[in-house]
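Position 1 is the first residue of the sequence; numbering continues from there.
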Amino acid sequence: LHMMPKYNCQNIMDVPIATNVLIDPVFNYRENRVRDLINLLDKYKFKFIQDPIQERYIDLLYVGRIVKFKKTLDVLKYFSTFAKQGKKCVMLLLDQYQKDKTYIQSFYKYYSSLSDDVRTNILIVDTNKLNIDDNPMFLGLKLSDVALFYRNSKIYVHACENEGGSRSI
């Protein structure tokens with residue numbers, strides 16, 4: 001079933017439900033878990049967090065798929081502007097069973113065109129490329145691992161132009 005807020009239910013399969021029902025309790029912990037995030041990144045051989053470790057190390061976070069209506073390429077372009085200023089940006093790309101290979105290619109082509117200094121400040125975690133499928137709701141990391149990214153970021157960016165029930169936290 002496709003879950004959407006009642007005001008945006010467009011077909012018989014849509015179920016009106018509040019987004020807060022979908023939020024797992026793992027997103028509600030209060031303590032800083034930067035060490036857990038470092039361990040997770042190390043597990044997948046990402047070198048991103050450098051000393052000194054600070055609380056909420058990630059300045060900007062995007063979580064979603066590489067699709068046009070989520071404006072993933074636009075978010076990457078915005079992130080590159082901040083990354084030039086030394087801001088740490090993470091794009092956690094989940095559920096990449098996608099159809100629009102042209103858009104995905106343009107996303108990675110743009111990322112590849114960025115200077116090394118800028119790419120150093122933008123971490124792309126594409127769970128499809130890592131063959132991670134630890135989540136029953138969507139392909140990708142376990143919810144507790146996704147929660148680590150949210151908990152260790154300052155700003156969550158949601159640029160979708162048409163989302164029935166955003167899971168913005």
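- Listed by first and then second residue, the salt bridge (Lys or Arg N to Asp or Glu O under 4.0 Å) pairs involving residues 110-122 are Asp116-Arg119 (not counting sequence neighbours).
- The two atoms that bring Asn121 and Gly86 nearest to each other are ND2-CA, 3.6 Å, heavy atoms only.
- For Arg65 against Lys70, the heavy-atom pair with the smallest separation is NH2-CE, 3.5 Å.
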Apply side chain to side chain contact (heavy atoms under 4.5 Å, CB included) to residues Leu92 and Val146 and explain how you reach the verdict.
CA-CA 8 Å; Leu92 181 55; Val146 173; 4.2 Å; yes
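- Between Ile38 and Phe48, every side-chain heavy-atom pair lies at or beyond the 4.5 Å cut-off.
- Listed here is the closest heavy atom pair of Tyr103 and Val67: CE2-C, 3.3 Å.
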With a 3.5 Å cut-off and sequence neighbours excluded, list the donor-acceptor pairs that the side chains of residues 75-85 form with protein atoms.
from: Ser80; atom 1: OG; to: Lys77; atom 2: O; distance (Å): 2.6
from: Ser80; atom 1: OG; to: Tyr110; atom 2: OH; distance (Å): 3.2
from: Thr81; atom 1: OG1; to: Lys77; atom 2: O; distance (Å): 3.4

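- The residues Lys88 and Asp59 are annotated as not salt-bridged, no charged nitrogen and carboxylate oxygen being separated by less than 4.0 angstrom.
- Between Val90 and Ile124 there is no side-chain heavy-atom pair separated by less than 4.5 Å.
- A distance of 4.5 Å separates CG in Asp145 from CG in Leu40, rounded to the nearest 0.5 Å.
- A heavy-atom distance below 4.5 Å is not found between the side chains of Leu60 and Tyr156.
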Side chain to side chain contact (heavy atoms under 4.5 Å, CB included) between Thr72 and Tyr62: does it pass, once the steps are laid out?
CA-CA 8 Å; Thr72 318; Tyr62 168 86; 3.2 Å; yes
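- Atoms CG and OH, from Leu41 and Tyr57 in turn, are 10.0 Å apart once rounded to the nearest 0.5 Å.
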Walk me through it: do Lys68 and Asp100 pass the test side chain to side chain contact (heavy atoms under 4.5 Å, CB included)?
CA-CA 9 Å; Lys68 285 180 187 175; Asp100 192 351; 3.5 Å; yes
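- Legend: residues meeting side-chain contact (heavy atoms from CB on, under 4.5 Å) with Ser153, ordered by chain and number and at least two apart, are Ile58, Leu61.
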